[in-house]
Amino acid sequence: MKNILAICVVFITLCTIGMVCAAEINNPEGFTPNQSLTVNNETGDFNGVKSEFTRVVLENGTDNITITDMVPSKSIDLAPSGNAVMKNISSKQGIYQEKDGRCIFQYLADGTIVEINAPNEKLIEEVIGK
């Protein structure tokens, strides 16, 4: 019975991730969603532009991956600044930077800005998939 319940919880969680994030994402092995950190349809500021966003946090022990989808109220041109560079990860062209020991990758998917913040680039690749 516990196994069936655990499978149901994982299934519901993965369905929630699919609905929350506009971009298709993969759940790297060993990482599970932290439902208490999930944010749906919040409003905030992204590069000075009011945006609606959703956020999912995947955890594996002390490691975590944050995936944020942002829908800006007006068109935003993603351009690298500071130490950020244009990079292609898993067939997605976007802005990549390393900051405070983390890797951050932002790309456009159907008018939505997807930001993946992970401990390393390999995990970003796993989230995006092929």
Quiz item: Are side-chain heavy atoms of Pro119 and Arg102 found at a separation under 4.5 Å?
Solution: yes
Self-check item: Nearest-0.5 Å distance, CD1 of residue Ile67 to CG of residue Asn27
Solution: 8.0 Å
Self-check item: Gap between atom CG of Asn41 and atom CD of Glu52 - 0.5 Å precision
Solution: 4.5 Å
Quiz item: Residues two or more places apart in sequence or in another chain: which of them pass side chain to side chain contact (heavy atoms under 4.5 Å, CB included) with Asn34?
Solution: Ser36, Leu37, Glu59
Exercise. Compare all side-chain heavy atoms of Phe105 with those of Val127 and state whether any distance is below 4.5 angstrom.
Key: no
Practice problem: Drop me the distance from Thr66's OG1 to Ile116's CD1, to the nearest 0.5 angstrom. | Solution: 10.5 Å
Quiz prompt | Close side-chain approach of Cys103 to Leu123, heavy-atom, < 4.5 Å | solution = no
Quiz item: Looking at residues at least two apart in the chain, or sitting in another chain, which of them share a side-chain hydrogen bond (donor to acceptor under 3.5 Å, both in side chains) with Gln97?
Solution: none
Practice problem: Side-chain contact test, heavy atoms from C-beta onward, threshold under 4.5 Å: evaluate it for Thr43 versus Lys50 and give yes or no. | Solution: yes
Quiz item: Would a hydrophobic clustering, with Ile, Leu, Val, Met, Phe, Trp and Tyr connected at side-chain separations under 4.5 Å, put Ile113 with Ile95?
Solution: yes
Quiz item: Going from CG on Asn83 to CD on Glu98, what distance comes out if it is rounded to the nearest 0.5 angstrom?
Solution: 8.0 Å
Quiz item: For the hydrophobic clusters of this structure (ILVMFWY residues joined by side-chain heavy atoms under 4.5 Å, transitively), does one cluster hold both Ile128 and Tyr96?
Solution: yes
Quiz item: Rounded to the nearest 0.5 Å, what separation is found between the CE atom of Met70 and the CZ atom of Arg55?
Solution: 8.0 Å
